[in-house]
Amino acid sequence: MQKGKKNSPIYDHKKIESKWQKDWDKNKIYKTLDTQKAKSKKKKPCYVLDMFPYPSGVGLHVGHPRGYIGSDIYARMKRMQGYNVLHPMGYDAFGLPAEQYAIEHKIHPKKAVEINVKTFEKQLSIIGLSYDWSRKINTTDPAYYKWTQWIFLQLFNSYYDTKKNKACPIKDLIKTFEKQGNKNAFAFSNQKDIFDKNEWKNFTELKKQNILMNYRLAYEAESEVNWCVKLGTVLANDEIVDDKDGNQVSERGGYPVEKLKINQWSMRITAYAERLLLGLKDLDWVDSIKEIQKNWIGKEIDLNGKITFKMHDAIFARQRYWGEPIPLYRDANGIIHEVKKLPLELPSVKSYEPTGRAEGPLAGVASWVKSGYETNTMPGWAGSSWYFLRFTDPKNKKEIANKDNLDYFFGKSGGVDMYVGGAEHATGHLLYARFWHKFLQDIGRVKSGEPFKKMKNQGMIGGVDGRKMSKRWGNVVNPDEIVKVYGADTLRVYTMFLGPFDSHLPWNTENIMGSRRFIERVWRACNHVINEKKKTNTDVLYYLQDLIKKIESDILEFKFNTAVSSFMIFLGLLEEKNYEITNDDFLIFIKLLAPFAPYVADEIYQKFSPNTKQQTAKSIHLSDWPKSKKLKDRKMLQKIIVQVNGKLRGFVFVPEFSDEAYVVGQVLHDEKLRNYIEHGVRTRTIYIPNKIINFVIKIAN
RNA sequence: GCCGAAGUGGCGGAAUGGUAGACGCGGUGGAUUCAAAAUCCACUAUCAGCAAUGAUGUGAGAGUUCGAGUCUCUCCUUCGGCACCA
C-alpha cells in the first residue's frame, strides 16, 4: 500500500495525553484488586514497589522519575500478563529536609509537607505512572505512625534469645532472672555484671530497669551527638563539613562542632548481625550492594575464634521536632511506662526551631515535659522501615496490616517482588528495613525474613556538564518542561533509552529529538496497516515474533535501552521497504510498546482494536500481553561466519543444522574464500552449527 | 590503605567466548521546497587506495584459546563503599 493513503492526523501529544490521563483516572484502571476479590478470580499477586520519596521543596528534576518509569514499565507488563499488580506510592515525610524547609520558609513542617506533596504529585501525574493512588500513605499521618510507634513498643518489650535465635518477650527474660538470675540466660546483651535470683529480687525498680535496658531491642543509653555551641543545636552528619584545616564545622555558618554524650534511644541491630549477613545470600540484588552491606556488617573472626562485627547499634533518636514521638513516659520516680493509647501525637509547638540545648524542641513544650514524655523523636528511617507492609492494607485501624493481605501480597516470593530505588540506601534504609522485617518475623507478624527479594537500582542522571543536577550548577532540567514540549511518552522513552538503567548518565536535551521522532514514526507506522485478508510481510512477521521474546526478557531484566532500540529496528524494517502489516500483527507491536509509551499506545489501540457493536475496546493496559508462537514454516538459511585463523573472511548461507562437510563444501565453492584456505595447509577446522566455521591454516615456510 | 564496579567512534551507548561499534544523537552530501522546518535517500572508527580491497582498532602490557571488548594476571585512570561518621 502506498504511503499517505490513510492520512493519519498529526501526532498531538498534548491532546492525546490529557485525554488518556482523564480516562484512566475516571475508570480507575490501575486499581489493585482487594485480596478476597483477587483470590476468587485466582489472580496472582505481583508487588512492584518504588522506594517512596522524600517530598522535598525544590521539586523534581528530570533524573528523579527514572526509577519510577522503570518500575512502571515492569508493573504495566505484569498487569497485562494477568497479575494483580500492587504498585503503590507514598511519602516519607518526617525528618530533616522537611524541617529545614519549614524553618527556612517560616511555616509549619506539616504545611510544608502538604505543599511539597502537592507539587510532587502534580509532577508525577503527567508522566503516566500507573500507581493505585487509593493506597497512598504518608509517614507523618498519625494513623500511619501509630503503627510505627507500635513496632517501637514491640522492640522495647523484646530481647534477643541467642539459643532460639530470635526475639522473645522481655517478660520471659524477667521470669528467667526471677528463677536463676542472668548467668545462664541466653540473651544478647551488653550486661557485664552477673547476678543471681535473690539479688535480682532485691534490686530496686530503677536498678531492674537499668539492667533490662542492656537487653531490650529498643533501649536507652549514652551515646554521642554532634553538638554545635554557636548554633545551639545538635547536627546530623549531613550538616557537617570539613573546613580548610580539616576541622569539622557546621555546614551552616561554619561553626565548630564537638562531640557530646547524651542519653538517647538506640536499636540493638547488632543482635541480628549474623542473620542480616546470612540473608544476603538468597537476595536477587546486584552484588555491589550486597557487598556494601557485608562490609558494613563487617564480620571478623580473630585467632581465638572470637566473632566480632564492625556494625554498631543504631541510634534511634533525633533532637528534632519533626519525627514520630517515642511512645513512652517517665514517672516521678524515673520509671518508664508505655503509652497505652496510640498514637501519641506530636503536639503543636510555637517554635520548632532548635532550643539551644542538646535536646529536641519538644523540651520547650511544658505540658509535654510535665507528662514525662521523651523530648527526642524517632529518626527518619523509622517510618520507612516497614511501609511496604502497610501498602497491602493501608487503612487498617486494628493492626499494621491484615494477615490475609500480607500473606497474599508477600505470598510466593516472601517479599516485595520487585523493589526499585537508588543504590545510596545500601547501608541505611535497606539494612534497617531488613532488620525490622526479621524482628516482625520473630514476633509472628510476617512469614518471611526478607522484605525485598529482588531489587533494581537506577543510576543518577547528571547535568549536561556531567555534574550532579542542582540549582548551584544551573544544570537542572525540569520534567514538566520536557513533557510540555515533547510529551510524556517521549520523556519516558528517552529516559529509558539513555543507557543502562543502573548507570550514571548525563542528560542531554538535544538528543531527546530522537525519541520524539521515534514516537512520531510509531504514529506514522499506522499507515502500513492493511486488512486481515492480506498477509503481513514474512520478514516483519519473523521479527515480530522475536520482538515479543526480546521485549519481555528485556523488561524482566530492566534492560530498557535495548528494548527501545529493538522497537526502532522494527520500525526501520517497516519503513525501509514499505512493508505491510495486518491489523492484528500491528496490535502486537503496539501492546509491546504500551508499557513504554502508554498514552500513544492507548490512542492507537482504540483505532485498530476490534470494537464490538456495544462498546469500544477497553484500555490497552487492561489487554493481554502478546505471546510468541512458533512459526512452523520458518526455515531460514543460516548465515555462517567464515574465519581463517580466527580472522573474518566472509560468510556462507546454509540450511539450519547443516553438517560440517556440507559447510566446508560451500566455503570451498566460494573462490575468494578458497584462496584464503588454500594459501597454506589446513590443520584443523572448528565448526559450530548455525554460527561459525574457522579454518586453522599453517602457512608454508 | 582495604573492598567493589567500570574504562569501546565526535557524543550516549550495543555486543550468551564467535561479523566490534546495533540503536540513537551529531556531522557531510543529495532529494523535496520560492525558502525554511519537517520528511526521505546515501555516507559517517582510524590509516592507505580512484575503487574493489587491505591493514590497524574496545585504557596499557602479558597470558589462556582455533578465536578475547568479553576469561586470567600485572599496571594506569575514574566512580562507589569502608578507614575519622551510623
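Small disclaimer: the values here were computed from a predicted structure and weren't measured.
Here rA20(B) presents its P atom at 5 Å from CG of Leu648(A), a figure rounded to the nearest Å. The nearest whole Å value for the distance from the CG atom in Leu573(A) to the P atom in rA22(B) is 17 Å. Put simply, CZ on Arg517(A) is 8 Å from C1' on rC25(B), counting in whole angstrom units. What separates CZ of Phe560(A) from C1' of rC23(B) is a distance of 17 Å, to the nearest Å. In this structure, the NZ atom of Lys559(A) is 19 Å from the P atom of rG24(B), given to the nearest Å. Remark: C1' of rC23(B) and CZ of Phe570(A) are 16 Å apart, rounded to the nearest angstrom. Gln643(A) has its CD atom 11 Å from the P atom of rG18(B), to the nearest Å. Look at CG on Asp287(A): it is 8 Å from P on rA5(B), rounded to the nearest Å.
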Sequence-aligned protein contact record of nucleotides 42-57 of chain B, with B where the base is within under 4.0 Å of a protein heavy atom and S where only the sugar-phosphate is: ------------SSS-

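Taking side-chain N and O atoms only, Arg524(A) has a distance below 4.0 Å to OP1 or OP2 of rC40(B). Side-chain N/O atoms of Arg521(A) include one lying less than 4.0 angstrom from OP1 or OP2 on rG24(B). Put simply, Asn561(A) has a side-chain N or O that comes within less than 4.0 Å of OP1 or OP2 on rA14(B).
Using C1' as the reference atom, rU44(B) and rC23(B) are 15 Å apart when rounded to the nearest Å. Using atom C1' as the reference point in both rA60(B) and rU53(B), the two lie 31 Å apart (nearest Å). Going from the P atom of rU70(B) to that of rA15(B) covers 15 Å, rounded to whole Å. With both ends at atom C1', the span from rA14(B) to rC84(B) equals 43 Å, rounded to whole Å. Comparing the C1' positions of rG57(B) and rC73(B) gives a spacing of 23 Å, expressed to the nearest Å. The separation of rU58(B) from rA5(B), taken at their P atoms, amounts to 22 Å, rounded to a whole angstrom. Separating the P atom of rA6(B) from that of rC71(B) is a span of 8 Å, rounded to the nearest Å. For the P atoms, the distance linking rA35(B) with rC47(B) amounts to 36 Å, nearest Å.
Base orientation at rG9(B) is syn, since its O4'-C1' glycosidic dihedral falls within 90° of 0.
Closest to the Ile292(A) side chain, of the nucleotides rG81(B), rG26(B), rG4(B), is rG81(B). When each of rG12(B), rA14(B), rC23(B) is scored by its nearest atom to the side-chain atoms of Thr562(A), the top-ranked nucleotide is rA14(B). When distances run from any side-chain atom of Arg684(A) to the nucleotides rC66(B), rG18(B), rC40(B), the shortest one goes to rC66(B). Candidate nucleotides rG24(B), rA86(B), rA22(B) were compared by shortest atom distance to the side chain of Asn511(A), and rG24(B) ranks first. The side chain of Ile569(A) sits closest to rC23(B) out of rC23(B), rC66(B), rA86(B). When each of rC3(B), rA86(B), rC23(B) is scored by its nearest atom to the side-chain atoms of Ile315(A), the top-ranked nucleotide is rA86(B). Distance from the side chain of Asn295(A) is smallest to rC3(B) among rC3(B), rG12(B), rA14(B). Counting only heavy atoms from C-beta on, Phe497(A) has its side chain closest to rG24(B) among rG24(B), rG18(B), rA86(B).
Both tests pass for Lys639(A) against the ring of Phe651(A): distance under 6.0 Å to the centre and angle within 45° of the axis.
Nearer to the 5' terminus of RNA chain B, by closest-nucleotide assignment, is the contact made by Pro506(A) (compared with the other of Pro506(A) and Gly514(A)). Closest-nucleotide positions on RNA chain B for Met513(A) and Phe695(A) were compared, and the one nearer the 5' end corresponds to Met513(A).
The number of heavy atoms from other shown groups lying within 6.0 Å of NZ (Lys294(A)) does not exceed 12.
The pair Arg674(A)-Asp670(A) fails the salt-bridge criterion, with no side-chain N (NZ, NE, NH1 or NH2) lying under 4.0 Å from an Asp/Glu carboxylate O.
With rounding to the nearest 0.5 angstrom, the NZ atom of Lys299(A) is 12.0 Å from the CG atom of Leu276(A). Distance check: Trp296(A) CH2 to Leu277(A) CG gives 15.0 Å after rounding to the nearest 0.5 Å.
Among the candidates Leu491(A), Thr495(A), Asn478(A), the single residue satisfying the side-chain contact (heavy atoms from CB on, under 4.5 Å) test with Val62(A) is Leu491(A).
Using a 4.5 Å heavy-atom cutoff, the side chains of Thr139(A) and Ser384(A) are not in contact. For the pair Thr377(A) and Ile326(A), the minimum side-chain heavy-atom distance is 4.5 Å or more.
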From CA spacing to verdict: ring-ring contact (aromatic ring centres under 6.0 Å, His included), Phe596(A), Phe567(A): CA-CA 10 Å; Phe596(A) 293 81; Phe567(A) 284 132; 5.3 Å; yes

Pairing string, 5' to 3', for RNA chain B - Watson-Crick or wobble contacts under 3.5 Å, brackets [ ] where pairs cross, | to another strand: (((((((..(((.....[....)))((((((.......))))))((((....))))..(((((..]....))))))))))))....

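Across all strands, Ile688(A) comes closer than 4.0 Å to base atoms (heavy-atom distances). Within the 4.0 angstrom heavy-atom criterion, no nucleotide atom of any strand lies near Tyr687(A). Among the protein residues, Leu498(A) comes within range of the sugar-phosphate backbone only, with heavy atoms under 4.0 Å from sugar or phosphate atoms but none that close to a base.
Between the side chains of Thr148(A) and Trp386(A), at least one donor N or O lies within less than 3.5 Å of an accepting N or O. In summary, the side chains of His13(A) and Arg516(A) do present a donor paired with an acceptor at a separation below 3.5 Å, with no hydrogens or angles considered.
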Mind listing the side-chain donor-acceptor pairs of residues 264-272 of chain A below 3.5 Å, one per line with the distance, residues two or more places apart or on another chain?
residue, atom, partner, partner atom, Å
Gln264(A), OE1, Gln319(A), NE2, 2.9
Gln264(A), NE2, Ser223(A), OG, 2.9
Trp265(A), NE1, Glu374(A), OE2, 3.1
Arg268(A), NE, Arg216(A), O, 2.8
Arg268(A), NH1, Asn190(A), OD1, 3.4
Arg268(A), NH2, Met213(A), O, 2.8
Arg268(A), NH2, Asn214(A), O, 3.2
Arg268(A), NH2, Arg216(A), O, 3.1
Thr270(A), OG1, Asp313(A), OD1, 2.6
Tyr272(A), OH, Asp442(A), OD2, 2.8

